[in-house]
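The structure appears right after this line, and notes come after that.
Just the heavy atoms: all of them, side chains too, but no hydrogens, waters or symmetry mates, feed the values below. This is a predicted model, so every value here is computed, not measured.
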There are 2 protein chains.
Amino acid sequence: MATPMGRRTGRPRAVTEQAILDAALWQLDGGGADAVSIRGIAAQVGIAPNAVYTYFPSKAAVLRALVERFLGDVNHDRFIDRELPWRERVEALALELRTHLVAHRGAVQLLLGGPMDGPNALTLRESLSEALADGGSTPDDAARASYVLLVYIFGAIALEVAELDQRRIAPTERDRVSTRRAVLDTISAEDYPRTTETAGTISKDFTTEQFLWGLTRILNGLQA
Amino acid sequence: MATPMGRRTGRPRAVTEQAILDAALWQLDGGGADAVSIRGIAAQVGIAPNAVYTYFPSKAAVLRALVERFLGDVNHDRFIDRELPWRERVEALALELRTHLVAHRGAVQLLLGGPMDGPNALTLRESLSEALADGGSTPDDAARASYVLLVYIFGAIALEVAELDQRRIAPTERDRVSTRRAVLDTISAEDYPRTTETAGTISKDFTTEQFLWGLTRILNGLQA
DNA sequence: CCATAATATGGACGGCGTACAGAAAGAAGT
DNA sequence: ACTTCTTTCTGTACGCCGTCCATATTATGG
């Protein structure tokens, strides 16, 4: 009972949860959500696959922690500044979220796959709701409106990256299928573009404009 | 060259593509998108797993066809009726889509996972865009607006079912994880509710109201 | 120096998608 | 009717996955 705190005894850990999440994020960026595997993570950090279960109880838990980390990494600076008009703040946050989602585009599948109930997720929803309340909404309407906004932001990126991932055709696609029958294959994670390094090239042109167009319309509707 | 048409020679097929998609849909409803497996489908229709590859070139192709079938099953009746005011038509379609998505809630992951480029998907987008054009939008704006609407509809269901699936805790969740460390597990497809039979119970209460609230606000914003 | 406790590893199990080779089963040509 | 051809189906196998069990490792507290 004399030890200062925390870990008392036993073999020291070889890595950290953060290192594991780093590896997971790397795999996510490199091959999409399906490419995140316990075995891959373990290989990357240099431990046996099952050793991961000392840090997280299951793969699902790893993914949940990854989502939390992702949400914790979005830049809230411009959003926190309560001097700015509320719309500007909301738009800044939406764009910031979008930027991060495009940079780690595999994350959107994870975001939409689980309930947004982690601390960072709740903080995000809450502060978004606050900003909308500053715009004159009742607290109840602000909560609803923040939900609508989150749905739009995540949904838009989901459809966008789905369209982006399309291109590639699977290398192993024999025409076992008889004669005609035009069912084709699409994505196959063959040389998935590591978006962390190419983020700028995608977003600038059409899609951000479309995204902002919808965002402002929605905000118009929410304000009235 | 004398045969009437279609299949000319060879061993007859044991099942049909539709039977395979039926089985896939059954698995989808029973265990979510992750529970759809080639082996499971094959077992259900009574063929060897690899025989499926005579009908579809890959699992991805099966899922794509499943999405198309899903979209083809939505009821367009009230939507097609050009006598109704455009807003009513759009709302009817949105609700119809929502109903189908809640009935087969595993489908939303598939919808958002791939590009919406199948025939039925394009038809949907196009006719939605038409209705919006009836509301006075320019064709360009109507296309953008229909995109926003689809994003909202799919995104809303995605977040909704994510929250629904949460509950269950994994049966195999030892506390290997040391001492505290509060990372829990969630979904585990253990007795996944077969939504086709329970569809009515979920949607009626809070969520449809919330959905409609957002929908009308968005339509307000799109109209202005 | 020993007991204890946390962590890491080796190995295995069952399940997945799917590739390959060969067997089955009708249709067409003689 | 027999043979050939064509398509589909099956047996088998490979590599990958998540995760469990038993065991070995390596610290700390007495």
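The shortest distance between side-chain heavy atoms of B:F70 and B:L111 falls below 4.5 Å. The shortest distance between side-chain heavy atoms of B:V151 and A:F154 does not fall below 4.5 Å.
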Which pairs, protein N/O on one side and nucleotides 12-15 of chain D N/O on the other, fall under 3.5 Å?
residue: D:dT12; atom: O4; partner: B:N50; partner atom: ND2; Å: 3.4

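Shown here are the side chain to side chain donor-acceptor pair (under 3.5 Å) partners of A:R125, two or more places apart in sequence or in another chain: there are none. Applying the side chain to side chain contact (heavy atoms under 4.5 Å, CB included) criterion to A:V15, with sequence neighbours excluded, gives A:A19, A:I20, A:V45, A:I47, A:Y55. Looking at residues two or more places apart in sequence or on another chain, you find no side chain to side chain donor-acceptor pair (under 3.5 Å) involving B:E126.
The residue B:A51 sits close to a base: some heavy atom pair falls under 4.0 Å.
Salt bridge status for A:R89 with A:E130: absent, with no side-chain N to carboxylate O gap under 4.0 Å.
A:Y55 has a side-chain polar atom (N or O) that falls below the 4.0 Å cut-off from OP1 or OP2 of C:dA8. Taking side-chain N and O atoms only, A:R11 has no distance below 4.0 Å to OP1 or OP2 of C:dA8. Phosphate contact (OP1/OP2 of D:dC5, side-chain N/O of B:T9, threshold under 4.0 Å): absent.
To the nearest 0.5 Å, atom CG of residue B:L159 and atom CD of residue B:Q210 are 10.5 Å apart. Once rounded to the nearest 0.5 Å, the distance linking CG of A:L215 with CD1 of A:I153 reads 6.5 Å.
The listed nucleotides are C:dT18, D:dT19, C:dA25; the one nearest the side chain of B:P12 is C:dA25. Distances from the side chain of A:Y53 to the nucleotides D:dT19, C:dG17, D:dT10 place D:dT19 closest.
The salt bridge (charged side-chain N to carboxylate O under 4.0 Å, His left out) contacts involving residues 34-50 of chain B comprise nothing, where partners must be two or more places apart or lie in separate chains.
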query: What do the steps show when you test B:R98 against B:E91 for salt bridge (charged side-chain N to carboxylate O under 4.0 Å, His left out), and what is the final call?
result: CA-CA 10 Å; B:R98 200 187 112 93; B:E91 281 171 9; over 6 Å; no
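In terms of position along DNA chain C, the nucleotide closest to A:G10 lies nearer the 5' end than the nucleotide closest to the other residue of the pair A:G10 and B:V36.
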statement: Each base of DNA chain C marked ( ) or [ ] if paired in-strand (Watson-Crick or G-U under 3.5 Å), | if paired to another strand and . if unpaired gives ||||||||||||||||||||||||||||||
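As rounded to whole Å, 14 Å separates atom P of C:dA8 from atom CD1 of A:I38. With rounding to whole Å, B:I20 atom CD1 is found 13 Å from C:dG17 atom P. To the nearest angstrom, P of D:dC17 lies 16 Å from CG of B:D34. Between the P atom of D:dT10 and the CZ atom of B:R13 lies a distance of 13 Å, rounded to the nearest Å. Atom CD in B:E17 sits roughly 13 Å away from atom C1' in D:dT8 (whole-Å rounding). One interatomic measurement links the two molecules: CG of A:L63 to C1' of D:dT19, which rounds to 15 Å at whole-angstrom precision. Remark: P of D:dG18 and CZ of A:F56 are 14 Å apart, rounded to the nearest angstrom. Note: CD1 (A:I47) to P (D:dT19) measures 14 Å, nearest angstrom.
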